[in-house]
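Here the structure comes first, spelled out in structure tokens, and everything after it is commentary.
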Amino acid sequence: MSLETEINFTLNGRPVTVRVPVAMKTLTMLREVLGLTGTKYACGEGECGACTVKVDGRTLNSCLMHAVDCDGRELVTIEGLKSPAGMNPTQKAFVDHGAVQCGFCMPGMIIQADYLTDDDPQLTREQAQRGLEGNLCRCTGYTKVLDAVEAAVEAKRCGR
Amino acid sequence: MDQKVTAPTIEKKTLIGQRVKKPDAPDKAIGKTRYINDMVLPQMLIGKVLFAGRPHARIVSIDTAAAERLPGVHAVLTGKDAAGLRFGFVRDNAALKDKVRCEHDEIAAVAAESEEIARQAIGLIEVVYEDLPGVFTPEDGAREDAPQIHDNFPGNKSLYFEFSHGEVAAAEADSDFVVDNVFRPHHVTHCCMGTSCAIADFDHNGKLTIWTQTQYPYNYKMDLAPALGLQPGDIRVIQPPVGGAFGSKLDVYPYEPIAALLAKRTGRPVKVIYSREEEFKASPTRQPAIIHMRTGCTRDGTLTFRTADVLLDNGAYTSWGPTIPVIMMRTVSGHYRVPVVDFKAQAIYTNNPYAGSFRGYGNVQTTWATAQQMDMLADMVDMEPLAFHLKNSQVSGEITPQKSFLRECVLVECLETAAGASDYSRKRKEYAAARAEPGRYKKGIGLASSIHNAGGAKIHKSDGIGTILKVDDYARVTVITGASEIGQGIDAVITLIVAEELGVPLEHVLIVNNDSDIAPWDVGVHASRTTFIAGNGTRRAARKAKAQILAAAEKMLGEPADTLELRGGSVVRDACGTPLIKLDRLLRQMHFQAEPELVMVTDYYEPKSEPEGAKHVSDHSAAYSHAVHVAEITVDTLTGEITVDKITMAQDVGRVINRMGLEAQIEGGLAIGLGYALSENMLLDRGLLKNPCFRDYKLLTAPEMPPLDLHFIESDCAEGPYGAKGISELPTIVIAPAIANALYNATGVRVFDPPMSPEKVARAIDAQRQAAGG
Amino acid sequence: MQEIKSYLAPRSLDEAVKAMAAGDVTVFCGGTDLTPQTDSGAKRYGATLMNIRRIEGLSGIAEAGDSIRIGAATTVTEVRRDPLIARAAPILAEAAEHFASDQIRNAASLGGNICNASPAGDMINPLLVLDAAVELASWADGALRTRSVPLENFFTGPRRHVKRPDELLTAIVFRKPATDFVGWFRKSGPRPALEISTVSVGIGGNLSDGVFRNVRVAMGSVAPTPLRAHGVEAALEGRPLDADSIRAAVAAADADATPIDDVRASAWYRKHLVKVFTEEVLNHVLGN
Ligand SMILES: Cc1cc2nc3c(=O)[nH]c(=O)nc-3n(C[C@H](O)[C@H](O)[C@H](O)COP(=O)(O)OP(=O)(O)OC[C@H]3O[C@@H](n4cnc5c(N)ncnc54)[C@H](O)[C@@H]3O)c2cc1C
Ligand code: FES
Ligand code: FES
């Protein structure tokens with residue numbers, strides 16, 4: 001069968017060693033090899049953002065990223081945002097502001113929103129709109145998503 | 001009683017109109033929700049479909065030998081395995097085909113141990129086709145010499161509908177102005193973020209369990225059974241969480257019986273899941289139409305008649321799409337007071353993809369026409385459009401020619417609110433005057449409205465719902481209901497109503513609505529009906545439980561039941577809020593007393609609406625509602641790009657139940673309507689889809705969503721739960737013509753065939769310049 | 001079947017080009033072009049898959065004398081946020097601003113954008129305006145060889161270029177524009193960025209005393225390759241920037257552009273936009 005290689009990386013704060021086919025994408029590795037089904041497939045072409053994960057602090061479309069490229073890097077998926085203390089402020093803001101409908105886009109949307117609000121503590125609504133351009137949602141029309149991002153900025157500022 | 005004298009009183013607090021969080025949201029936000037797309041069963045095989053990839057052909061031969069020999073392949077099926085198993089609205093469809101009638105026709109299917117093997121096996125199937133001349137527009141399909149698509153539908157004729165009321169010729173003679181246009185609403189598709197998926201498994205006795213995304217589990221059994229040669233009773237439907245539906249899951253589509261046929265053949269669970277490209281090609285579309293509409297009015301602005309001659313591009317098979325005339329005609333006859341009406345709609349088979357139902361079902365297409373003609377007529381009469389709309393608005397108590405009874409009608413309030421809040425009349429005049437002035441960017445404002453059923457639609461024999469409700473010894477409430485949750489938020493509404501009626505915390509309400517072996521009958525999530533119908537069902541069941549609980553409390557406490565209430569998890573004196581006994585304690589006492597009783601109630605609610613009927617003269621919904629949208633836009637007259645600056649909306653919602661859920665549904669519905677208006681378009685070239693990807697099929701993105709000013713008008717519907725009406729389709733229906741009217745206001749250009757894409761607008765403006773000689 | 005026989009993630013340039021000299025290597029950087037192309041079958045993997053992200057020195061933006069050097073693996077996000085680029089070559093930052101989405105920008109490399117050689121490549125356009133050159137490295141006769149090719153001469157046809165399969169693009173280099181340089185980039189579409197350009201126009205030159213010199217004009221998606229619009233340049237070169245020269249430039253844009261119809265736009269619309277954008281950009285420059 002196809003060539004496999006062993007890679008080591010940090011996944012949601014824990015070290016992982018896994019063998020993957022070299023042409024496999026990170027999304028497939030997460031969902032099918034590691035059983036982390038929070039990250040979603042919705043296009044496989046980088047257009048929808050449902051597969052967004054954080055790699056070394058920046059967000060990427062995991063459907064485009066070769067799994068082998070995870071070697072030595074630090075990944076955070078939607079499953080890794082929550083702490084034992086509960087939801088992270090971005091997740092909580094999304095729930096509280098009614099931003100979740102069918103929820104299928106949400107793992108990617110929330111990871112991206114979390115990245116944006118970490119990256120720029122002064123993030124404005126307009127900047128959030130731009131920052132979420134790569135995350136398609138068919139249910140919400142983004143209005144409540146943007147409300148939630150504004151609330152997350154505020155919550156992070158207050159250190160909650 | 002042994003309660004403490006100092007126990008604080010419990011105030012009466014209503015949840016109706018509050019902002020309640022969706023109970024399913026936290027698990028979705030942390031990535032824990034297991035969608036059907038995520039499901040894996042032990043021993044599960046992956047099913048894959050071979051699509052024809054050509055629009056019209058005879059299948060000369062199929063050779064599956066190589067695919068069958070591939071290690072890891074467990075079954076290969078072709079048309080002969082589905083022979084005689086016809087399904088669909090007019091039984092014109094089959095899971096696997098014996099002839100190719102559209103690009104995505106399912107020719108063969110395999111079940112294999114992995115996606116990879118299944119894909120390889122598909123590649124090994126050899127099919128010899130003999131291409132046939134195709135039909136790609138309904139006009140061509142209706143020609144006498146047109147190629148025939150189905151042997152048993154001569155002339156390519158699919159469904160036909162008509163309704164007429166009054167004498168058109170006489171009304172036309174009385175008209176001072178008549179507008180006459182042809183509108184061409186186009187092919188768009190649902191684009192659920194979760195792609196289509198089904199998992200099927202048979203037990204030893206031949207009973208099928210199917211995990212599906214369906215939004216109508218009970219009729220689904222009936223529709224799926226003939227595709228498999230089963231009895232509906234032999235099918236158990238399980239509905240895991242889904243990534244959107246929007247009407248696309250209101251019918252059976254071939255991948256579902258394919259999964260079942262493969263499961264039957266292999267004796268193992270089989271999952272079929274689409275890639276995005278397959279989703280674009282093989283899922284239903286919104287029904288495209290060619291609408292020849294004429295509307296007349298007198299010099300004083302009174303509407304005299306409206307006619308619509310509609311040709312529907314049926315596509316290759318008949319799903320729910322070509323039944324949209326049932327709703328189209330309600331708008332033609334009921335959008336404003338129209339005394340004389342003539343409506344005809346013929347669906348013609350073509351070799352294009354076929355339509356299903358899609359949020360806004362028929363009314364998106366019709367309102368695109370009616371609302372633009374209202375704008376045109378106002379200008380012809382030279383009336384200020386708001387006044388023209390108001391002059392023809394219905395009021396409470398009116399009955400339309402089709403006998404839709406507008407019991408609580410607040411169209412006038414909706415018009416005044418939306419126009420007032422946006423300063424519509426002043427801006428419209430100002431922008432029209434500025435049209436001729438130089439300048440690249442032009443502002444425009446447009447108003448549109450529509451009417452839609454808001455209390456279900458009795459197009460089936462029943463529009464009802466069954467509810468089972470139990471309250472356990474710990475005062476946890478379980479509601480077992482047929483109402484499906486597809487992301488729209490019905491679970492939040494049910495939770496809220498139970499908490500309101502039984503005074504329990506929201507978190508103590510559990511909903512079971514995902515298993516047809518457990519939950520009772522419901523028609524399905526469609527026609528903006530679920531809050532209305534399931535809301536009523538839940539409230540009735542909760543009230544029955546409450547009556548039983550308070551009767552027991554009366555016996556135990558010695559205070560009359562009608563002076564007691566359930567609040568804050570206790571039985572209280574209604575007048576002063578003094579708690580008398582904790583609810584869970586009372587329930588245990590009821591359970592463990594000498595004459596034990598459990599609280600378990602059932603309810604069947606059937607709304608007071610009349611069956612649609614063959615003549616289409618009936619009060620087919622238990623309520624009707626209106627919405628008015630005002631769109632403010634800026635047009636770049638050189639690039640043709642339209643920027644939507646603001647949307648003001650007033651809608652009759654009956655009564656706000658869950659404010660957050662209501663806003664969410666309206667906002668989401670608007671976004672789908674905006675995409676329809678501005679960018680979404682399935683580019684078909686002789687039946688072949690040229691843009692099966694998000695790169696070239698453009699959904700609205702976050703930066704394109706305009707600010708919204710939403711106004712909810714509460715008409716207090718007598719039949720609705722707490723006065724509520726169904727709400728979620730109107731936002732999708734009304735916005736496109738509001739933008740079209742704004743485009744006209746800004747530029748003098750009218751677009752009859754959506755979407756109003758930059759190129760189309762730029763061409764129209766360019767043509768206008770050329771015509772003006774400069 | 002795509003049969004990959006080895007996977008490499010070299011740390012040094014030497015290692016990388018040695019492997020490429022051995023033949024049939026598929027290089028990936030961000031993978032944002034390669035993945036959709038291999039998934040759809042439009043392109044197949046070679047025997048060796050090579051990740052170039054780990055090569056030391058392949059990314060980063062630095063001043064080198066009077067030039068700016070951008071490593072091939074530098075991402076669009078890095079360009080968009082870089083203070084040096086913002087100061088010295090804002091036209092490049094502007095194009096980065098209107099490139100795809102945040103997630104794609106975080107992955108997409110400049111080298112990938114150039115090697116993909118799409119006529120719609122958005123980073124190529126301003127780099128043509130900046131008269132950039134690309135550095136190509138290879139291994140021959142036991143030594144690392146490099147050559148420099150002006151970007152203008154790099155593209156030979158649709159998705160084709162002069163880079164040999166054994167060559168790695170290592171950097172993009174351009175002279176720091178003079179203080180009187182003005183440059184503007186315009187891309188079509190109602191979406192701010194996530195849009196394959198229907199048309200893009202970049203114009204730059206030295207503007208002093210109202211006269212435009214060293215004018216370079218680039219156009220995207222109007223020809224088989226990213227295009228230097230020499231006709232437009234000639235219409236503007238050495239002339240005062242005014243209504244007359246702008247009119248001449250617009251007429252020349254119409255002649256320079258030879259677009260086709262496709263799913264995104266018709267040839268008519270592309271030509272129309274090229275003229276609109278040429279006029280718009282020049283008016284903007286004039287206004288400044
Ligand atoms: C959703 C989406 C949106 C996009 N939007 C835009 C857009 O707005 N504008 C735009 O211009 N592009 C866009 N793209 C295309 C793409 O992102 C860019 O072209 C990107 O710059 C490619 O860089 P990469 O590092 O991902 O390339 P890769 O995919 O890694 O490589 C691309 C090609 O170049 C070769 N290659 C890469 N680096 C080198 C090197 N250093 N030497 C030799 N060969 C090399 C690879 O072998 C491959 O053939 C979009 C893509 C997607 C998926
Ligand atoms: S699945 Fe990766 S962007 Fe859509
Ligand atoms: S919540 Fe359904 S797609 Fe975003």
Side-chain angles (χ1 to χ4, degrees), chain A residues 1-2 28 31-32 35-48 50 77-82 87-88 90-111 126 128-146, chain B residues 19-22 24-35 37-40 115-116 190-195 241-246 275-277 486-489 492 658 660-661 663-672 674-675 693-695 699-705 707-708 731:
Chain A
M1 269 313 288
S2 47
T28 316
R31 290 179 57 82
E32 292 175 18
L36 291 178
T37 54
T39 308
K40 299 295 184 228
Y41 163 93
C43 75
E45 301 188 315
E47 290 282 341
C48 78
T77 68
I78 187 69
E79 290 92 346
L81 280 193
K82 190 172 151 276
M87 280 191 267
N88 116 336
T90 311
Q91 291 171 310
K92 190 168 178 317
F94 270 69
V95 172
D96 289 350
H97 288 80
V100 181
Q101 289 192 34
C102 84
F104 204 82
C105 69
M106 284 298 151
M109 188 77 81
I110 290 174
I111 284 269
E126 288 68 33
Q129 276 181 298
R130 279 299 314 270
L132 292 171
E133 188 173 2
N135 291 81
L136 297 177
C137 174
R138 192 51 153 168
C139 298
T140 64
Y142 311 102
T143 304
K144 298 236 170 309
V145 168
L146 294 166
Chain B
R19 309 180 75 81
V20 170
K21 289 176 226 169
K22 274 160 62 81
D24 50 340
D27 274 355
K28 288 175 173 175
I30 64 172
K32 210 168 181 38
T33 300
R34 220 162 276 129
Y35 292 83
N37 311 56
D38 305 327
M39 277 181 61
V40 176
E115 168 93 27
E116 178 74 19
H190 305 72
C191 296
C192 304
M193 284 297 127
T195 56
V242 302
F246 314 110
S275 70
R276 179 56 58 189
E277 183 180 345
I486 53 172
Q488 87 280 33
N658 179 8
M660 196 150 82
E663 288 169 0
Q665 279 296 300
I666 301 270
E667 291 158 5
L670 274 167
I672 292 181
L674 280 168
C693 55
F694 287 137
R695 179 172 289 202
L699 299 185
L700 204 75
T701 58
E704 295 163 279
M705 191 67 189
L708 307 175

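Throughout, a chain's letter reflects where its sequence line sits, starting with A, and its residues are numbered from 1. These numbers come from the heavy atoms of this one structure, side chains and all, not from hydrogens, waters or symmetry mates.
Heavy-atom pairs under 4.5 Å with chain B were tallied for A:C139, A:G38, A:P107; the largest tally goes to A:C139. Top candidate by heavy-atom pairs under 4.5 Å with chain A, chosen from B:A664, B:P707, B:G661, is B:A664. Note: B:G487 leads B:G243, B:G487, B:G669 in heavy-atom pairs under 4.5 Å with chain A. Your options are B:L708, B:L670, B:N37, B:T195, and the one with the most heavy-atom pairs under 4.5 Å with chain A is B:N37. Put simply, of A:M87, A:K40, A:K82, A:M109, the one with the most heavy-atom pairs under 4.5 Å next to chain B is A:K40.
The NZ atom of A:K144 sits 7.5 Å away from the CE atom of B:M660 when rounded to the nearest 0.5 Å. Atoms OG1 and CG, on A:T39 and B:D38 in that order, are 10.0 Å from each other to the nearest 0.5 Å. Rounded to the nearest 0.5 Å, atoms CD (B:E116) and OG1 (A:T28) are 10.5 Å apart. With rounding to the nearest 0.5 angstrom, the CD atom of A:Q129 is 9.5 Å from the CE atom of B:M705. The structure places CZ of B:R19 at 8.0 Å from NE2 of A:H97, a figure rounded to the nearest 0.5 Å.
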Any chance you could lay out the side-chain contact (heavy atoms from CB on, under 4.5 Å) test for A:T140 and B:E667, step after step, and finish with the verdict?
-> CA-CA 6 Å; A:T140 64; B:E667 291 158 5; over 6 Å; no

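Using a 4.5 Å cut-off between heavy atoms, B:P241 does not touch chain A at all. Neither the backbone nor the side chain of B:L674 comes within less than 4.5 Å of any heavy atom of chain A. Contacts between B:I486 and chain A at a heavy-atom distance below 4.5 Å involve the backbone alone (N, CA, C, O).
A:E45 meets the salt bridge (charged side-chain N to carboxylate O under 4.0 Å, His left out) test with no other residue; sequence neighbours excluded.
No donor-acceptor distance shorter than 3.5 angstrom exists from the side chain of A:Y142 to the backbone of B:E704, with no hydrogens or angles considered. Between the side chain of A:Y41 and the backbone N or O of B:S275 there is no donor-acceptor pair closer than 3.5 Å.
Heavy-atom minimum distance, B:Y35 versus A:F104: OH-N, 3.4 Å.
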Would you be so kind as to tabulate the donor-acceptor pairs closer than 3.5 Å made by side chains of residues 27-34 of chain B, with sequence neighbours excluded?
unit_1	atom_1	unit_2	atom_2	d
B:K28	NZ	A:Q101	O	3.1
B:K28	NZ	A:C102	O	3.1
B:K28	NZ	B:D24	OD2	2.8
B:T33	OG1	B:D27	O	3.4
B:T33	OG1	B:K28	N	3.2

